[in-house]
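Data block below; observations after.
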Amino acid sequence: MADQVLARETFLLKNRQFDVTLSPTALSWYPLTAGDALHALDSNTVDLSEVIAVTPVEKHCHRNKDGFSDIELTPISCSRFAVHYVQKKRGRIWRPGKVTFKCPDPTVCRQWIDRLQERLNQEYLRPRRLLVFVNPFGGKKRGVQIYQQKVAPLFDLARIKADVIVTERAGHARDLLQELELNKLDGIVCVGGDGMFSEILNGLITRTQQEAGVDKDWLAAELVRPHLRIGIIPAGSTDAVSYATVGVNDPVTSALHIIIGDCQPLDVSSVHYRSQLLRYNVSFLGYGFYGDVVRDSDLRRWMGPTRYDYSGFKKFCRRKIYEGEVAFLPCTDQGSSPYDQIRCTEGCLVCKQAGEKDKPTPFNPSEQPRAVETFGPGGWQRVRGRFIAINAATNSCACKKTPKGVSPSAHLADGCTDLILIHATPRYRFLGHLLKHLTDSDRFNHSFIEVYRVREFKFRPVIIEEAEDEMVEDEEVGVLSRRNCRRNTRRNSVWNCDGEIIDQPAIDVKVHCQLIKLFARGIEEKKQSSCWPVGCFCA
């Protein structure tokens, strides 16, 4: 029962007496001095799910230069203990808080420490050992500093053993994940940007499928879910995954989500070309404008994060048009729409229902057929046209510059992606669409934009035939003559896949519902009618 009292005692807090109560789900303390309004301000209730650690403390403690208390081993006669817990600030920022109680005698102090620690160990899936990859090159190149100064002290406080690896090159973490022993780990943490997260994601899913005997190149394969959760400490340029899953790109906030063992399932899309897996994708796929931007910005990494602004302006001025055909399989049973203005937040009901419908089935390698339908019937729809951009948002793709994201109503774990088709239109109209990303305005309210919530889609560029004159030699007379010939030429863009480049324009994409789990809980909102009670609903 929620009101059950496991322990109750009178402790001293700031030299005043407080009634301290421990229930199965919360720790509460209230001043015993009646009628004192100032004392009442010290009353508090902390959910045990948001307690970071419980530690015995010396009478005299000090703070180190980073602002965290130095915790030392204390004798059994210690009569004080500290409860470290999550303090929620404005803007979804979390910070560690601490309250220190003085007990009547050392025995009571030890009993309370043991009771609290027992509750934390029994009721919550908290990590005890983590593998941490730190990218020293991403964003502003502060990954190592962020981990050492902001994250490591918190992990030490929570008694989490972290095996830290500083990556040396692109693909380093992905390669190591194919070799390292993972069975004794509770999770994998990346300190870096979206590219670093994508690298770990691809490495972990690839290894899981190899160990399970799943053919990852087969588009229709039912992928096996990794048992490890992934944590993200944002230290990149955009940190879109952190924004979409936590609501902010703050390293301390993300570290606290990891410590308390939050669990958020996440959809993953597999991107294929000619029956070959290219990459796994969790946020954004963009062809045309956004593909051109990432290709151009990749040549200007020396500019840092400003390269995206420069390349974006450059490609907007050129405004290339690409012709092609998109075939897609719409979601028909979700009860949600990219136009419904309902954001995916903590405990989202849409995602919960999708997870209940998409329970994984046991994998049998002998049941894998080899034939894959390309553009068949069965509910598939087609759109052919001339496009400025073709985008797919598996989540909102929010970031600091685009607070609501590319598709504000996209869900984290509903098994769908929002397919956004931006048809050819004058430059000033396209600019109006882009500017709406900076505000809360409806960015889809344009006649040249179509948006569909889909489970799969395929794109095929159109081959353009151009007539060219060619000079050829007439062998009989030995002179040059002009001959008209037709050649197939391709005017293609590339795909922006979570910030990485995919050169093949013709791709097949399938969304795998809730394939991975993160140390997160979704974006916290005070009031949200579509949300379910807080908790992990991943399998």
Side-chain angles (χ1 to χ4, degrees), residues 49 124-125 201 205 220-227 229-230 241 243-247 257 261-270 280-284 328-363 378-381 392-398 404-420 444 451-457 509-539:
S49 63
Y124 307 104
L125 298 176
L201 169 90
I205 297 178
E222 290 292 336
L223 300 185
V224 176
R225 295 171 177 169
H227 71 280
R229 283 173 285 179
I230 301 177
V241 179
Y243 266 101
T245 57
V246 178
H257 278 284
D262 272 343
C263 178
Q264 170 63 51
L266 194 67
D267 293 338
V268 176
S269 297
S270 57
Y280 294 108
N281 157 264
V282 293
S283 292
F284 181 78
F328 55 90
L329 183 63
C331 293
T332 57
D333 58 348
Q334 288 298 323
S336 64
S337 163
Y339 297 98
D340 60 18
Q341 302 298 317
I342 298 177
R343 298 192 68 195
C344 182
T345 56
E346 177 185 13
C348 175
L349 181 58
V350 172
C351 297
K352 178 179 175 64
Q353 292 174 339
E356 292 173 348
K357 295 177 182 177
D358 192 69
K359 295 296 183 182
T361 56
F363 173 72
W380 285 79
Q381 299 181 21
T394 308
N395 56 56
S396 67
C397 303
K404 297 297 183 181
V406 174
S407 184
S409 298
H411 289 267
L412 294 173
D414 64 345
C416 303
T417 187
D418 287 352
L419 181 62
I420 306 167
F444 301 147
V451 187
Y452 304 92
R453 185 153 289 174
V454 307
R455 296 189 182 279
E456 299 182 45
F457 75 90
V509 179
K510 179 182 178 180
V511 183
H512 302 270
C513 185
Q514 302 185 10
L515 184 61
I516 65 168
K517 294 174 285 187
L518 301 184
F519 286 106
R521 63 171 57 176
I523 297 177
E524 292 184 295
E525 295 287 356
K526 290 184 178 180
K527 294 182 180 180
Q528 181 70 20
S529 59
S530 66
C531 284
W532 201 257
V534 178
C536 174
F537 51 79
C538 43

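Computed over heavy atoms, backbone and side chain alike; hydrogens, waters and symmetry mates excluded.
Contact detail for Tyr243 and Ala398: the closest heavy-atom pair is CB-O, 3.2 Å. Of all heavy-atom pairs between Ser409 and Ser337, the closest is CB-O, 4.0 Å. Here the shortest heavy-atom pairing between Ala410 and Ser396 reads CB-N, 3.8 Å. When all heavy atoms of Tyr339 and Val451 are compared, the pair lying nearest together is OH-N, 3.3 Å. When every heavy atom of Tyr452 is checked against every heavy atom of Gln381, the shortest pair comes out as CE2-OE1, 4.5 Å.
Rounding to the nearest 0.5 Å places CG of Leu329 at 10.0 Å from NZ of Lys510. Distance check, rounded to the nearest 0.5 Å: CD1 of Ile523 to OG1 of Thr245 gives 8.0 Å. Here the straight-line distance linking atom CG of Leu266 with atom CG of Leu412 works out to 6.0 Å at 0.5 Å rounding. Rounded to the nearest 0.5 Å, atoms CG (Asp414) and OG1 (Thr394) are 9.5 Å apart. Note: Ser283 OG to Leu201 CG = 9.5 Å, rounded to the nearest 0.5 Å.
His512 and Ser269 form no side-chain donor-acceptor contact under 3.5 Å, judged by distance and modelled atom types alone. A donor atom on one side chain and an acceptor atom on the other are found under 3.5 Å apart for Ser336 and Arg453.
A side-chain contact (heavy atoms from CB on, under 4.5 Å) with Val282 holds for exactly one of Ile230, Asp267, Val268; it is Val268. Each of Asp418, Asn395, Thr417 was compared with Ser407 under the side chain to side chain donor-acceptor pair (under 3.5 Å) criterion, and only Asp418 meets it.
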*Could you go through the side-chain contact (heavy atoms from CB on, under 4.5 Å) check for Phe284 and Val406 one step at a time?*
CA-CA 9 Å; Phe284 181 78; Val406 174; 4.2 Å; yes
*Begin with the C-alpha distance, continue with both residues' side-chain angles, and end with the deciding distance and a verdict on side-chain contact (heavy atoms from CB on, under 4.5 Å) for Tyr280 and Ile516.*
CA-CA 11 Å; Tyr280 294 108; Ile516 65 168; over 6 Å; no
_Criterion side-chain contact (heavy atoms from CB on, under 4.5 Å) on Glu456 and Trp380, from CA distance to verdict_ = CA-CA 9 Å; Glu456 299 182 45; Trp380 285 79; 3.8 Å; yes
*side-chain contact (heavy atoms from CB on, under 4.5 Å) between Cys263 and Arg229, worked out*: CA-CA 8 Å; Cys263 178; Arg229 283 173 285 179; 4.1 Å; yes
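In this structure, the side chain of Gln353 does not engage the main chain of Cys348 through any donor-acceptor pair within 3.5 Å. Of the possible donor and acceptor atoms, one in the side chain of Gln514 sits under 3.5 Å from a partner among the backbone N and O of Ala413.
Between Glu346 and Arg521, at least one side-chain N (NZ, or NE/NH1/NH2) sits under 4.0 Å from a carboxylate O, which counts as a salt bridge.
Taken together, the cysteine pair Cys416 and Cys331 places its SG atoms within less than 2.5 Å of each other.
Residues satisfying the side-chain hydrogen bond (donor to acceptor under 3.5 Å, both in side chains) test with His411, not counting sequence neighbours, are none.
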